[in-house]
2 protein chains.
Amino acid sequence: MKRVTIKDLASELGLSPSTVSRALNGDRNIRPGTRQRVLEAAKARGYKPNLAATSMKTGRTYTVGVVVPEMVTGYTIEVIRGIQDVLYAKGIRVIVADSAEDPVREKENLLMMERFMVDGLVFSPSNYHENHETLERLIREGLPMVCFGRIPYGIDIPKVVVDDYSKSFFVVEKMILSGCRRICHFTGPDEVYNAVERAKGYCDAMAKYKLEAIEFPGGLGKEGGYAAVDRMMESGKAFDGIYAFNEAVAVGAMTRLRELGRRIPEEIAVAAFAGTDLSTVIYPQLTTVEPPMTEMGRTTAELLIEKIKDPSVESRTVVLNAEIKLRGSTEKK
Amino acid sequence: MKRVTIKDLASELGLSPSTVSRALNGDRNIRPGTRQRVLEAAKARGYKPNLAATSMKTGRTYTVGVVVPEMVTGYTIEVIRGIQDVLYAKGIRVIVADSAEDPVREKENLLMMERFMVDGLVFSPSNYHENHETLERLIREGLPMVCFGRIPYGIDIPKVVVDDYSKSFFVVEKMILSGCRRICHFTGPDEVYNAVERAKGYCDAMAKYKLEAIEFPGGLGKEGGYAAVDRMMESGKAFDGIYAFNEAVAVGAMTRLRELGRRIPEEIAVAAFAGTDLSTVIYPQLTTVEPPMTEMGRTTAELLIEKIKDPSVESRTVVLNAEIKLRGSTEKK
DNA sequence: CTTTTCATGAAAAACGTTTTTCAAAAATAG
DNA sequence: CTATTTTTGAAAAACGTTTTTCATGAAAAG
């Protein structure tokens with residue numbers, strides 16, 4: 001089942017391949033009648049351009065890469081869907097690779113995207129300082145790149161983020177206003193930009209109300225949250241609230257709290273940044289700060305397209321609004 | 001930052017491009033010393049083959065498409081990771097598109113993959129009878145294709161599945177043996193192959209113990225499970241067990257049961273097919289039948305590679321073993 | 001030595017486009 | 001009508017590979 005080429009169309013219509021190419025690409029140096037004939041024949045014969053040939057000629061591959069630190073939380077998936085929405089609509093192939101929170105794999109992924117000759121790259125680093133050389137080399141060599149969510153440190157690059165700091169501040173403040181006094185923070189890894197910002201927001205909110213800020217490392221996943229509860233207990237201090245780096249940590253914490261017979265939110269309230277569907281399927285439902293994931297993906301893709309079209313555009317940072325969703329884990333009835 | 005080509009290497013080494021190509025591709029008509037020199041120069045100059053040019057010549061794009069009915073459950077993501085594991089290791093680009101359970105989008109996705117000139121396609125249909133014409137055309141035109149999980153009806157194609165029927169049978173039997181007598185089934189959509197199989201397994205298990213099989217439509221998501229509980233209540237019959245088509249349906253059901261004050265598993269036990277991480281973060285933890293997702297993805301990818309290499313191989317069906325995980329939602333302490 | 005075989009590498013064609021250059025035809029101006 | 005401009009489309013080159021064909025020189029055989 002051989003694919004029909006531009007030459008086939010040309011000989012069928014008694015035209016030259018160049019004329020057919022012109023007609024197909026909307027070049028204006030062509031008689032409307034001729035264009036019409038070509039377009040009809042193309043449709044009739046089911047002509048589909050050979051992307052490889054087009055790539056060869058134009059130097060573009062019509063492919064972009066997406067490298068993300070993980071792919072298992074609903075969070076990232078939603079962002080990816082947003083990216084795909086925009087790019088697929090433009091006929092651009094999207095290749096996603098997941099670094100599994102491992103900088104070594106992340107580097108491999110970046111190099112793979114380079115081998116794949118992507119026209120541009122969406123990158124969300126596993127942490128903010130690893131793989132800088134690779135990153136800088138790629139940018140220096142002219143690969144258009146946009147970051148979202150987690151971002152690297154000290155690199156001038158377009159990015160799409162939410163305001164981790166102030167949203168953290170506000171959600172902690174809400175907890176305080178609803179009666180919590182001894183709130184601790186289960187932090188994310190130090191190497192994650194957002195973790196640092198969220199911790200700052202927490203500390204400043206506590207400071208505003210002259211409350212003591214206490215942190216326990218919570219990591220990225222539920223195991224971390226689970227363990228952090230134990231460390232919290234061992235500290236000997238009494239707490240009536242936990243603000244977790246993310247949803248998974250919060251869920252792990254809640255599991256442990258339940259095992260220990262603590263009632264949520266009566267004895268201890270729980271809130272977290274970055275909620276997905278998971279927040280509403282657990283009980284009690286989790287109070288969260290929810291970034292607009294799909295929109296984030298869409299915006300990221302648009303920024304990238306902009307950058308691919310004109311690599312000299314300055315690196316914009318788009319800050320999207322995250323919504324605070326108060327739910328059962330902090331709201332006593 | 002121009003990319004170095006085979007020609008650059010050739011002129012640098014005083015060889016012809018063809019010789020360089022030979023050396024790079026392990027052709028044996030070349031003196032070991034020459035090959036060595038070429039390989040070293042390639043490494044030194046950072047030569048990376050232009051994939052578009054290679055495609056052009058070989059007719060392969062080194063790209064495969066993956067079309068899945070949804071991408072939000074951990075289920076599909078894990079399978080995708082398995083697929084990526086295998087294909088990325090072989091330098092093949094993986095392009096994933098999500099049909100959002102919509103046959104119209106699904107068709108668009110299939111056509112998009114065709115435009116993208118994928119070398120092969122992994123396909124998991126949203127339901128078993130839509131888009132048959134497109135599917136059959138693609139296969140007829142020689143596109144290598146493998147299905148996993150959900151499968152289309154009446155099409156001879158390699159596939160990777162688990163034994164929905166017997167696993168359903170066994171898990172329902174376990175519920176019966178642990179004391180349940182009045183188990184109902186929250187079914188998946190009739191158009192999904194697996195839903196039909198799972199329902200059969202349920203019915204046959206009930207029949208074996210001379211128990212009445214009663215079904216309520218549960219759909220694909222938690223909303224369906226939530227609503228099904230209400231329909232179950234309205235039926236006026238008393239139930240002490242729910243076997244749900246999938247995890248999301250079970251979770252929806254459990255949410256509603258909790259609202260109604262029913263204790264799980266004491267008053268009513270719950271189990272479901274296809275568990276992810278979600279099963280263990282809810283309370284009580286959910287008894288599930290867990291297909292080996294990543295392995296499923298890996299096997300699917302291997303079958304596809306086989307089919308791409310030799311399109312004439314017969315269509316194998318690989319049945320993987322799913323594990324029954326008994327957890328708190330059925331096990332009374 | 002000559003002839004035959006073999007190893008090695010050069011030359012050139014090809015893949016399907018896009019794009020530049022150019023020539024012919026048509027339209028306009030004088 | 002001729003001269004000039006504009007429109008239209010053909011021809012050919014190019015993108016970076018792979019692959020086929022061919023020529024050369026060296027080694028082996030006679």
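A note on names: the letters A, B, ... follow the listed sequences, proteins ahead of strands, and every chain is numbered from 1.
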Atom [atom1] of [X] to atom [atom2] of [N]: distance rounded to whole Å?
X      : N      : atom1 : atom2 : result
B:R115 : C:dT17 : CZ    : P     : 15 Å
A:I6   : C:dT19 : CD1   : C1'   : 12 Å
B:R35  : C:dA7  : CZ    : P     : 14 Å
A:M117 : D:dT17 : CE    : C1'   : 11 Å
B:L9   : C:dG9  : CG    : P     : 15 Å
A:K7   : D:dA10 : NZ    : P     : 15 Å
A:M56  : C:dT19 : CE    : C1'   : 15 Å
A:Y47  : C:dT17 : OH    : P     : 4 Å

### Message
Quick check on DNA chain C: between A:N50 and A:D27, whose nearest nucleotide comes earlier from the 5' end?
### Response
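Its nearest nucleotide being more 5', the pick is A:N50.
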Under 4.0 Å between a side-chain N/O of [X] and OP1 or OP2 of [N], yes or no?
X     : N      : answer
B:T19 : C:dT8  : no
B:S16 : C:dA10 : yes
A:Y62 : C:dT17 : no
B:S18 : C:dG9  : no
B:N25 : D:dT18 : yes
A:R31 : D:dT7  : no

Considering only side-chain heavy atoms of [X], which listed nucleotide, [options], is closest?
X     : options                : value
B:T34 : D:dA14, C:dG9, D:dT18  : C:dG9
B:A53 : D:dT17, C:dT18, C:dG16 : D:dT17
A:K57 : D:dT18, C:dT8, D:dC15  : D:dC15

### Query
Across the strands shown, which category fits B:G14 at heavy-atom distances under 4.0 angstrom: base, sugar-phosphate, nothing?
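Sugar-phosphate contact only - B:G14 comes under 4.0 Å of backbone atoms but never of a base.
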### Task
With heavy atoms under 4.0 Å as the rule, sort A:S21 into base, sugar-phosphate or nothing.
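A:S21: base contact, heavy atoms under 4.0 Å.
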### Query
Hey, what do you get for CZ (A:R37) to CG (A:L9), rounding to the nearest 0.5 Å?
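A:R37 atom CZ to A:L9 atom CG measures 11.5 Å (nearest 0.5 Å).
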### Message
Taking the nucleotide of DNA chain D with the nearest heavy atom to each, does B:R22 or B:A52 sit closer to the 5' end?
### Response
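Whichever sits nearer the 5' end wins; that is B:A52.
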For [Y], does its backbone N or O pair with a side-chain atom of [X] as donor and acceptor, under 3.5 Å?
X      : Y      : answer
A:N109 : A:V67  : no
B:K159 : B:I151 : no
B:S124 : B:F148 : yes

### Query
Does one side chain, of B:S18 or B:S21, offer a donor that lies under 3.5 Å from an acceptor on the other?
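B:S21 and B:S18 do not have a side-chain donor-acceptor pair below 3.5 Å.
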#### Entry: A:D8 and A:R45 ion-paired at < 4.0 Å
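So A:D8 does not pair with A:R45 through a salt bridge.
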